[in-house]
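Atoms within a ligand are numbered from 1 in the order they appear, just like the ligands themselves. Quantities reported herein were computed from a predicted structural model and do not represent experimental measurements.
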Amino acid sequence: MSGRVDIIGLGPGAEDLRCPRAAGALAQATDLVGYVPYLERVAEGSGQRIHGSDNREEIQRARLALELAQQGRRVAVVSSGDGGVFGMAAAVFEAMEQGDPRWRGLEVAVHPGVSAVLAAAARLGAPFGNDFCVLSLSDNLKPWGVILNRLEAAACAGFAMAFYNPISKARPWQLGEALARLRRHLPGSVPVIFARAVSRPEEHVEITTLAGARPEQADMRTLVMVGNAETRLIPREGADPWVYTPRRVGGTV
Ligand code: SAH
């Protein structure tokens, strides 16, 4: 048997938001590598070998996957959402580039998933109906100064924004500082949405404004969305308002 690595995005949570191609590759795997809570969710009763590790050990996890594949195992490297969006895909390629040259000859495939930004945007309406950008607020692997610069550049350029990894026990103050920085450049009326655990039973959504947003409204499972000056709300009876950003920017045409 020849080994291979399948990098799999599980989607945001709901079973029917998992892409069939990713689900198919996952079912074929002999070994699963990833963050334990995700693996437990997918491996139950499958007989697949689980290689769990802590959330912060991504590079070791990626090396392990490549080693197992080199030994002939069929390895699924699992991320939530999409593996290429703050997930395991880049870690696998980092490990490949730095590691055993034979790893470059392995069969590797990346199977896309529905990333949190897409699931959250769909839940709210169309907040990213126009140009937007996606940032991770985690300063584990990049300096905080770089994050602030990117936030400011995005705000000044008129991008709507989605923040992954907005807050954690180890990073309690960053989101507050990020919001304060945005207030220098954007009107307080810009919509801000805290979308937690989208498509899961614990889903919880809060819609506020940049002036009203508080860091306590986010946790580790929250995607934070910040509109631009054009982002609008359509109120509804008995339901959250729709949030959308029109397709047209500037001018009157
Ligand atoms: N690869 C994943 C992102 C992993 S980073 C993806 O493509 O979605 C982890 C961050 O993703 C969390 O801190 C949170 O900001 C976001 N996230 C993941 N699943 C989510 C969900 N169901 N609802 C809201 N945010 C989610």
Side-chain angles (χ1 to χ4, degrees), residues 6-19 21-23 25-26 32-42 53-59 61-62 65 76-94 110-125 127-128 132-142 147 151 160-176 178-179 192-207 213 215-226 240 243:
D6 288 290
I7 300 164
I8 289 170
L10 292 178
E15 192 73 28
D16 59 355
L17 288 180
R18 183 168 306 161
C19 294
R21 186 183 294 184
L26 185 64
L32 305 185
V33 171
Y35 181 45
V36 177
Y38 300 152
L39 299 186
E40 283 171 350
R41 245 170 61 204
V42 298
S53 55
D54 184 74
N55 203 14
R56 294 170 63 121
E57 297 167 359
E58 286 164 348
I59 198 76
R61 213 188 281 164
V77 178
V78 174
S79 294
S80 74
D82 180 78
V85 181
F86 311 122
M88 284 297 296
V92 169
F93 293 113
E94 285 168 26
V110 185
H111 305 278
V114 176
S115 191
V117 65
L118 301 180
R123 165 70 176 73
L124 271 299
F128 302 128
F132 72 104
C133 71
V134 163
L135 299 110
S136 169
L137 292 194
S138 171
D139 56 356
N140 288 340
L141 297 173
K142 63 185 167 187
I147 297 174
L151 279 174
M161 292 173 240
F163 302 151
Y164 286 74
N165 301 309
I167 202 162
S168 74
K169 281 200 190 91
R171 296 181 291 103
W173 53 265
Q174 281 84 341
L175 178 58
L179 292 169
V192 173
I193 298 113
F194 294 89
R196 175 173 184 269
V198 172
S199 89
R200 300 184 183 189
E202 331 81 78
E203 178 179 291
H204 180 72
V205 170
E206 290 181 20
I207 302 172
E216 309 83 73
Q217 290 175 278
D219 68 8
M220 275 180 66
R221 307 174 70 190
T222 305
L223 185 93
V224 180
M225 295 184 267
V226 179
D240 289 334
V243 181

- Message: Applying side-chain contact (heavy atoms from CB on, under 4.5 Å) to Ile167 and Val224, what does each step give before you reach the verdict?
- Response: CA-CA 10 Å; Ile167 202 162; Val224 180; over 6 Å; no
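Contacts with ligand 1 closer than 4.0 Å are made by backbone heavy atoms (N, CA, C, O) of Ala197 only, the side chain lying farther away. Contacts between Glu203 and ligand 1 below 4.0 angstrom, taking non-hydrogen atoms only, are absent altogether. For Thr222, every heavy-atom contact with ligand 1 shorter than 4.0 Å involves the backbone, none the side chain.
The closest approach between any non-hydrogen atom of Ser199 and ligand 1 is not below 4.0 Å. Remark: distances from the non-hydrogen atoms of Pro166 to ligand 1 include one below 4.0 Å. Every heavy atom of Gly13 sits 4.0 Å or more from the atoms of ligand 1.
Looking at atom 3 (C) of ligand 1, its nearest protein heavy atom turns out to be Val85 O, 3.5 Å.
If you check each of Ser168, Ala116, Ala120, Gly84 against atom 19 (N) of ligand 1, the one with the closest non-hydrogen atom is Ala116.
For Val114, no nitrogen or oxygen atom sits less than 3.5 Å from a nitrogen or oxygen atom of ligand 1, counting backbone and side chain alike. Ligand 1 has no N or O atom lying under 3.5 Å from any N or O atom of Gly83, backbone or side chain. For ligand 1, one of its N or O atoms has an N or O atom of Asp82 under 3.5 Å away. In terms of N/O distances under 3.5 Å, ligand 1 is not approached by Arg196.
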